[in-house]
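Worksheet: one structure, shown below.
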Amino acid sequence: MATFGLVDCNNFYVSCERVFQPRLADRPVVVLSNNDGCVVARSQEARALGIAMGTPFFKVRGVIERHDVAVLSSNYALYSDLSERVISILAAAAPDHEVYSIDECFLDLARRAVPDLNAWCRDLRTQIQRWTGIPVSVGVGSTKTLAKLASKIAKAAPEADGVFDLTRDDAKGIVARLRETPVGDVWGVGGRSSKMLVERGVHTALDLRDAPDGWVRQRMGVVGLRTVQELRGVACYDLESQPAPKQATCCSRTFGKAVTDKGQVRDAIIAFAERAAEKIRHAGQVCGAIQVSIATDRFDANAAQYKTAASTTFMTPTADSRAIVAASLRILESLWRDGFAYRGGGVLLLDLSPAENVARSLFDYGLDYGAAGEDQLMKAIDRINGRFGRGAVGLGLATANAQWRMSQKHLSPRFTTRWRDIPKARIEGGSAQGVL
DNA sequence: TCTGGGGTCCTAGGACCC
DNA sequence: TCTGGGGTCCTAGGACCC
């Protein structure tokens, strides 16, 4: 029988901030999305105040001020770096693992000859806490869906103390746990399905597990049926240790302010195109097509609305910023309409394939920036930006005080990835004191 | 009035995940 | 005043093929 472990970092973004800012311990903390728009992470204390995930910041501003909640902008440089540290510990402990997201990792525990799985999970948890400062929960189950469920129990049930193993429960015990789990808490059951299920009397994970196959297939498709099978202990999803190469890569942003100036929108699209191109080069890929989109503020009832996108294909697949930026600007030209206040845009690179497989086009020898890997200029640009920071060199002229740049009023330092932000420790009176 | 059966590819939209 | 970003897979419908 398969045994999956799920290691899940608790309140990950908040925990990352707390590692380097002890003043944030034991008090309510929230982390905001890009542009300081929505709450995307909350500490336990903030959760207790009723601040829901994904709430627009302005809607909870009152609660935040009343309870002196610490507010932070997202600092992805910090979160990615700490995530890599946690993953490296897990990789050493369980060679068969799947990095599922920035703060979650599945482990294949069936092939680990561990005499006492519970003790092993507890040791792993302690090690991660000590080495990185990040608290984690560990769930164990016979399918990925059950392991996810177990990790929720590990977090919520005080007696679990951070580790919960559903494979140790007998059938009766599992039934009891499923009965206590609201159907919307099941992995794969989102808001829409949850509403539909509750309206039809399916309230708990147990109700869903015992629903007839035909009914589930009709209401929730094959994906829903897989979820039900997984709840029954029939594994439909394997551990995927090699992540499949991406099919598409995108860079999109909501602008800090609505923008009516075409030059500003051009600058934004250039920046998005460059960033997307850099991402696929990093992945060793080239793209066969590109899509550009721009839109007005959908929340502004008084503004004239316009939302549009268009795409084009490359004769030869490419990862060259010059080709990608040029194409994005041609598309923008075709999309642009004067008189609207634009609030966001993006560049999507599609039809991705490995750079080494590029077949040159017969008509392509004029402009020699198709074949990736040969291009020394792109390599040089990536090296310089890798060393001196993103945006050190690039195409186009960045406008000072660009309105489209996102607002990040509460950004913490890049404690681990930028030399001048690294915390200093100094010795005073024989004891080390962090300067933070 | 009657009107096969099987396939592919593409696209847009929906649902879900974190 | 103030509402994220980056992905995946599935489904249905249309165009087209033999």
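Letters go in sequence order (proteins before strands), and every chain restarts at 1.
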Which part of the nucleic acid does [X] contact within heavy-atom distance under 4.0 Å: base, sugar-phosphate only, or nothing?
X	answer
A/S193	sugar-phosphate
A/K246	sugar-phosphate
A/R226	sugar-phosphate
A/V186	sugar-phosphate
A/F299	base
A/R217	sugar-phosphate
A/N35	nothing
A/K409	nothing
A/T249	sugar-phosphate
A/D36	nothing
A/A244	nothing
A/G346	nothing

* Just do the side-chain contact (heavy atoms from CB on, under 4.5 Å) check on A/L350 and A/I290 with the steps written out, would you? => CA-CA 6 Å; A/L350 317 117; A/I290 174 173; 5.8 Å; no
* Without swapping roles, check the side chain of A/R232 against the backbone of A/R209 for a donor-acceptor pair under 3.5 Å. => yes
* Indicate yes or no for a side-chain donor-acceptor contact from A/R42 to the backbone of A/I51 under 3.5 Å, with no hydrogens or angles considered. => yes
Under 4.0 angstrom between [X] side-chain N/O and [N] OP1 or OP2:
X	N	value
A/S407	C/dC2	no
A/R253	C/dG6	yes
A/S33	C/dT3	no

Interatomic distance where [atom1] belongs to [X] and [atom2] belongs to [N] [whole Å]:
X	N	atom1	atom2	value
A/L348	C/dT8	CG	P	10 Å
A/Y13	C/dG4	OH	P	15 Å
A/D351	B/dC9	CG	P	14 Å

* Structure fact -> By nearest-heavy-atom nucleotide on DNA chain C, the more 5' of A/R298 and A/K279 is A/R298
* Does A/C251 or A/R343 map to a spot on DNA chain C nearer the 5' end, using the closest nucleotide for each? -> A/R343
* Structure fact -> Checking B/dC17, C/dT8, C/dT11 against the side chain of A/K148 (C-beta onward), the nearest is B/dC17
* To do: For the side chain of A/S252, starting at C-beta, report the closest nucleotide among C/dC10, C/dG4, C/dG6.
  => C/dG6
* Structure fact -> Which of A/P56, A/C38, A/S73 passes side chain to side chain contact (heavy atoms under 4.5 Å, CB included) with A/S33? It is A/C38
* Is NZ or CZ of A/R405 both nearer than 6.0 Å to the six-membered ring centre of A/F255 and within 45° of the ring axis? -> no
* Asked: Is it true that A/R18 and A/E45 make a salt bridge, defined as a side-chain N closer than 4.0 Å to a carboxylate O?
  -> yes
* A/F106-A/W187 aromatic ring centre distance below 6.0 Å -> yes
* **A/W336/A/Y342 aromatic ring centres below 6.0 Å** => yes
* Would you write out the dot-bracket form of DNA chain B, 5' to 3', with Watson-Crick and G-U pairs under 3.5 Å, [ ] for crossing pairs, | for pairs to other strands and . for unpaired bases? -> ....||||||||||||||
